[in-house]
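Reckoned from all heavy atoms, side chains included, excluding hydrogens, waters and symmetry mates. Just so you know, these numbers come straight off a predicted model, no measurement behind them.
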Amino acid sequence: MRVEIWSDIACPWCYIGKARFEKGLAGFAHRDDVEVVHRSFELDPGRAKGDTEQVIDMLAQKYGRTPEEARSMEANVAANAQAEGLGYRTEGRDHGSTFDIHRLLHLARARGRQDELLTLAYRANFAEERSVFDDAVLLELAVEAGLDADEARAVLTDPQAYADEVRADEREAAELGANAVPFFVFDRRYGISGGQPADVFAQALEQAWKDRPVTVAGDAAACDADGACEVPRADA
């Protein structure tokens with residue numbers, strides 16, 4: 001069975017949703033027969049390379065909030081991440097174009113190291129003092145994930161390398177009706193949107209394995225195609 005996950009490094013619910021999905025997968029009896037493929041989805045496709053800003057400033061502008069309110073929003077998301085055992089910095093993170101990261105992830109997939117690179121990139125972006133919008137950092141992450149440094153550097157310096165693959169993923173997302181990420185597709189038959197709880201993913205895996213339609217009740221937090229990320233209520 002193949003599970004495809006459309007996501008973006010800039011999306012906190014993709015970071016959280018990946019951890020929840022993996023918890024659901026860990027308890028699945030047929031987990032060794034599940035192929036997981038990560039697909040590209042840019043939340044801010046119009047942003048130019050090198051155009052970065054602090055996440056707090058971006059959130060305040062996007063939602064029309066004060067910096068203090070934006071910090072409170074980040075604190076609520078951080079609480080969800082920390083509940084999954086994930087690190088999450090609420091200050092000092094930057095936001096920028098993720099196109100190069102997605103291109104590098106396609107190289108990593110071709111070399112069998114995609115999940116390793118994605119995990120490292122999420123950790124760098126959300127939990128560590130490392131900017132994933134810096135080519136030097138991306139190269140470090142690629143090497144840590146097991147990729148050849150020269151090959152990774154060649155991709156980063158050639159803006160056309162794997163660009164078609166990124167765009168193809170994004171077209172497929174649109175064709176499948178995905179307007180928010182994370183978006184999980186099971187064998188191209190069943191889809192789940194948002195960072196659902198681990199037990200929902202466990203149920204979806206069981207149902208998909210038995211070739212039954214998957215029905216998921218309720219909404220879960222996600223980031224939409226305009227880059228807007230839902231924030232849970234403080235009392236949620």
Side-chain angles (χ1 to χ4, degrees), residues 1-43 73-88 98 105 109 114-116 118-119 121-123 125-127 169-170 172-236:
M1 181 168 67
R2 171 181 283 194
V3 179
E4 296 165 278
I5 307 172
W6 273 263
S7 60
D8 193 11
I9 294 295
C11 165
W13 293 110
C14 297
Y15 176 48
I16 295 167
K18 182 177 186 293
R20 291 175 174 174
F21 170 77
E22 288 172 351
K23 287 181 180 179
L25 180 62
F28 182 51
H30 306 284
R31 59 185 176 275
D32 292 339
D33 296 311
V34 177
E35 177 192 11
V36 179
V37 177
H38 297 282
R39 300 290 191 187
S40 303
F41 190 107
E42 294 173 273
L43 290 172
M73 293 164 63
E74 276 285 88
N76 288 334
V77 178
N80 277 262
Q82 290 159 3
E84 303 300 330
L86 301 172
Y88 195 101
T98 57
L105 283 165
R109 182 188 174 196
Q114 188 183 49
D115 189 71
E116 289 81 359
L118 183 61
T119 298
Y122 274 139
R123 185 184 305 157
N125 188 44
F126 290 105
D169 278 356
E170 293 174 337
E172 281 193 297
E175 291 167 2
L176 291 169
N179 55 16
V181 287
F183 185 63
F184 301 78
V185 176
F186 298 75
D187 275 345
R188 287 297 173 106
R189 290 193 295 271
Y190 320 122
I192 292 180
S193 182
Q196 301 280 354
D199 60 349
V200 172
F201 287 120
Q203 178 187 0
L205 287 162
E206 292 288 352
Q207 291 180 338
W209 187 264
K210 296 174 182 177
D211 201 26
R212 295 178 180 174
V214 174
T215 302
V216 179
D219 296 323
C223 297
D224 67 23
D226 293 326
C229 296
E230 299 171 36
V231 178
R233 300 189 309 273
D235 60 349

(request) Can you measure from NE2 (His38) to CD (Gln114) and round to the nearest 0.5 angstrom? (result) 5.5 Å

(request) Check whether any side-chain heavy atom of Phe41 sits under 4.5 Å from a side-chain heavy atom of Ser7, and report yes or no. (result) no

(message) Side chains of Arg39 and Arg109, heavy atoms from C-beta outward: is any pair under 4.5 Å?
(response) yes

(request) Could you grab the distance from atom CD of Glu42 to atom CD1 of Ile9, nearest 0.5 Å is fine? (result) 12.0 Å

(message) I want to check something: taking the side chain as every heavy atom from C-beta on, are Asp32 and Val34 in contact at a cut-off of under 4.5 Å?
(response) no

(request) Looking only at non-hydrogen atoms, find the nearest pair between Leu25 and Arg31 and report the distance. (result) O-CB, 3.4 Å

(request) Report yes if some heavy atom in the side chain of Val37 is under 4.5 Å from a heavy atom in the side chain of Val3; otherwise report no. (result) no

(message) Is any side-chain heavy atom of Met1 closer than 4.5 Å to one of Phe28?
(response) yes

(request) Check ring-ring contact (aromatic ring centres under 6.0 Å, His included) between Tyr88 and all other residues, then give those that pass, not counting sequence neighbours. (result) Phe126

(message) According to salt bridge (Lys or Arg N to Asp or Glu O under 4.0 Å), does anything in residues 8-28 pair up with another residue at least two apart or in another chain? List the pairs.
(response) Lys18-Glu22, Lys18-Asp115, Arg20-Glu84, Lys23-Glu84

(message) Classify the ring geometry of Tyr122 against Tyr15: parallel below 30°, tilted from 30° to 60°, perpendicular beyond 60°.
(response) tilted

(request) State, with a plain yes or no, whether a side-chain heavy atom of Gln207 is found less than 4.5 Å away from one of Tyr190. (result) no

(request) Report the residues that fulfil ring-ring contact (aromatic ring centres under 6.0 Å, His included) with Phe183, sequence neighbours left out, ordered by chain and then residue number. (result) none

(message) Could you tell me if the side chain of Thr98 sits less than 4.5 Å from the side chain of Leu43, heavy atoms only?
(response) no

(request) Identify the heavy atoms of Phe186 and Ala204 that sit nearest to each other, and give their distance. (result) CZ-CB, 3.9 Å

(request) Please name all residues satisfying salt bridge (charged side-chain N to carboxylate O under 4.0 Å, His left out) with Glu175, sequence neighbours left out, ordered by chain then number. (result) none

(message) Please give me the minimum heavy-atom distance between Ala222 and Ala180, naming the atom from each residue.
(response) CB-CB, 4.1 Å

(message) Can you pull out every salt bridge (Lys or Arg N to Asp or Glu O under 4.0 Å) where at least one residue sits in residues 190-202? Sequence neighbours excluded, please.
(response) none

(request) Could you name each residue pair satisfying salt bridge (Lys or Arg N to Asp or Glu O under 4.0 Å) that touches residues 176-187, not counting sequence neighbours? (result) Asp187-Arg189

(request) For Cys11 and Pro182, work out which heavy atoms get closest and say how close. (result) SG-CD, 4.3 Å

(request) Can you measure from OG (Ser193) to CG (Asn179) and round to the nearest 0.5 angstrom? (result) 7.0 Å

(message) For the CG atom of Leu86 and the CZ atom of Arg123, what is their distance to the nearest 0.5 Å?
(response) 9.5 Å

(message) If we ignore hydrogens and angles and just use 3.5 Å, is the side chain of Trp13 paired with the main-chain N or O of Val77 as donor and acceptor?
(response) no

(message) Would you compute the distance between atom CD1 of Ile16 and atom CD of Gln82 and round it to the nearest 0.5 angstrom?
(response) 9.5 Å

